[in-house]
> 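Shown below is the structure under consideration.
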Amino acid sequence: MRSLLLLFCIGLSTVANSQIEEIRRITKQLCSPEFHGRGYVNKGDSIAARYIVEEFKKVGAEPFEDSFLQLFELTVNTFPGEMTLNQGEKQFKPGLHFSINPSSKGGKYSLHPTEVNAEQILDLDYMRGLLSQIGRVPNSQVMVFNYIGASKDTVKQIRPIIREIATIMPVVELVDKKFTWSVGREQSFFPYFQIQDSVYQEGVQLEMNVDAKVIENYQSQNIIAYLPSKKMCAKTIMFTAHYDHLGRMGADTYFPGANDNASGTAMLLTMAKHFKDHLSRYNILFVAFAGEEAGLVGSKFYTEHPVLKLKKVKFLVNLDIMGSGEHGITTVNGTLFKKEFELLQEINKEFDLLAKVKIRGPAANSDHYWFTEKGVPAFFIYTMGLNQHYHDIFDTYEELSFSEYDDITKLLIEFVKRL
Ligand SMILES: [Zn+2]
């Protein structure tokens with residue numbers, strides 16, 4: 001009896017281990033330099049897409065129509081080559097010492113800085129006077145805004161002023177917090193940087209050399225895979241996760257996007273594996289979206305061109321930021337779908353899974369959003385934990401704990417069973 005029990009336990013733990021190894025293997029690959037941060041430089045998104053399709057095939061999931069791919073186009077600003085910003089002898093590192101505004105123009109410039117503080121920025125006469133002195137030679141001058149420590153209200157007043165000045169000359173903002181980068185959909189007329197206050201030297205000429213390129217109608221793709229139900233069923237459950245990230249800030253720096261959202265993409269694939277081995281009474285449609293970081297572009301396109309009528313979707317679960325979980329998970333739209341949220345909590349309690357299943361109202365913060373807008377019942381689930389890296393170069397595979405991976409998948413599998 002004892003040995004049987006032992007065997008049973010070993011059996012169970014190998015299943016769990018193999019899945020956690022799978023999620024680690026897939027996440028690591030998605031974060032590797034060959035995928036270029038799954039953005040638009042070197043077609044990183046498309047390299048990732050090909051890999052994900054192969055993984056879906058390995059699992060045994062089918063394309064819903066003839067192809068796994070749903071093509072769409074978007075216009076993006078990219079930084080494929082040179083990315084240098086120096087002051088004197090000091091060479092700043094992209095992503096660490098400085099960050100370029102996602103919509104910045106590139107070019108090779110030597111810029112003389114004029115620093116202004118919060119008080120000066122808000123003094124419109126002072127700024128007008130300053131601009132009339134330096135604004136006539138916009139390609140050799142840069143306005144450096146230092147409003148570190150300003151109150152929230154002051155920052156709110158300062159932001160539109162900086163935005164306006166950025167339309168007439170190069171600008172720099174000094175910051176004392178970690179950078180948060182994103183994807184630009186257009187290009188401004190002048191260069192625009194953020195620099196860490198700790199490395200910036202007042203009055204010292206800034207030398208920049210940046211390659212910035214807008215790609216019009218860049219072709220990207222959602223990936224759609226399908227598992228039909230055990231017995232014929234009219235209803236479908238959707239699992240979704242975006243696989244794109246921010247790509248490269250110059251040829252030598254990329255954003256691995258491990259937590260956001262290689263982790264969710266990998267979980268999507270391991271969920272597909274589970275449901276292939278244990279067919280559900282519902283059909284299951286898996287969609288890995290592209291263009292999320294550019295403004296939920298891929299999911300918007302999907303909801304405008306669904307492969308399956310949206311009203312046939314019984315429920316959608318969007319996975320984004322699944323790499324930790326020490327403090328539990330948050331459920332966006334929990335307030336909209338009370339009954340389903342209570343089901344999640346009930347399962348969590350019954351199996352003693354996560355520290356917390358937190359409720360949150362609707363938010364336009366990931367791909368579930370367009371589905372919610374079109375009346376598809378949906379949750380967006382993200383993990384809460386020790387990992388605080390977000391949209392920065394530190395969001396690496398090595399920083400992920402996947403500490404609650406097994407419990408989250410257990411929760412979701414049981415959720416589908418009881419829906
Ligand atoms: Zn994300």
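Just so you know, ligand 1 is whichever comes first in the structure, and atom 1 is the first atom listed for that ligand. Just so it is clear, the structure is predicted and the values come from calculations on it, not from any experiment.
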> So, Gln205 and Ser110: side-chain donor and acceptor under 3.5 Å apart, yes or no?
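The answer is yes; a qualifying pair exists.
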
> What N/O/S atom of His242 is the closest to the Zn ion (ligand 1)?
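Restricting His242 to its N, O and S atoms, the minimum distance to the Zn ion (ligand 1) goes to NE2.
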
> Tell me whether Asp320 has at least one N, O or S atom under 2.8 Å from the Zn ion (ligand 1).
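For Asp320, the answer is yes, given that an N, O or S atom comes within less than 2.8 Å of the Zn ion (ligand 1).
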
> Would you check if the Zn ion (ligand 1) lies under 2.8 Å from any N, O or S atom of Asp260?
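So Asp260 does bind the Zn ion (ligand 1) by this criterion.
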
> As a quick check of understanding, evaluate side-chain contact (heavy atoms from CB on, under 4.5 Å) for Gln87 and Val204, giving each step before the final call.
CA-CA 6 Å; Gln87 256 192 328; Val204 179; 3.8 Å; yes

> Check the pair Tyr282 / Phe315 against ring pair (Phe, Tyr, Trp, His ring centres under 6.0 Å), numbers first and verdict last.
CA-CA 10 Å; Tyr282 299 114; Phe315 211 87; over 10 Å; no

> Strictly below 4.0 Å, N to O, side chains only: are Lys300 and Glu304 in salt-bridge contact?
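Yes, this pair counts.
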
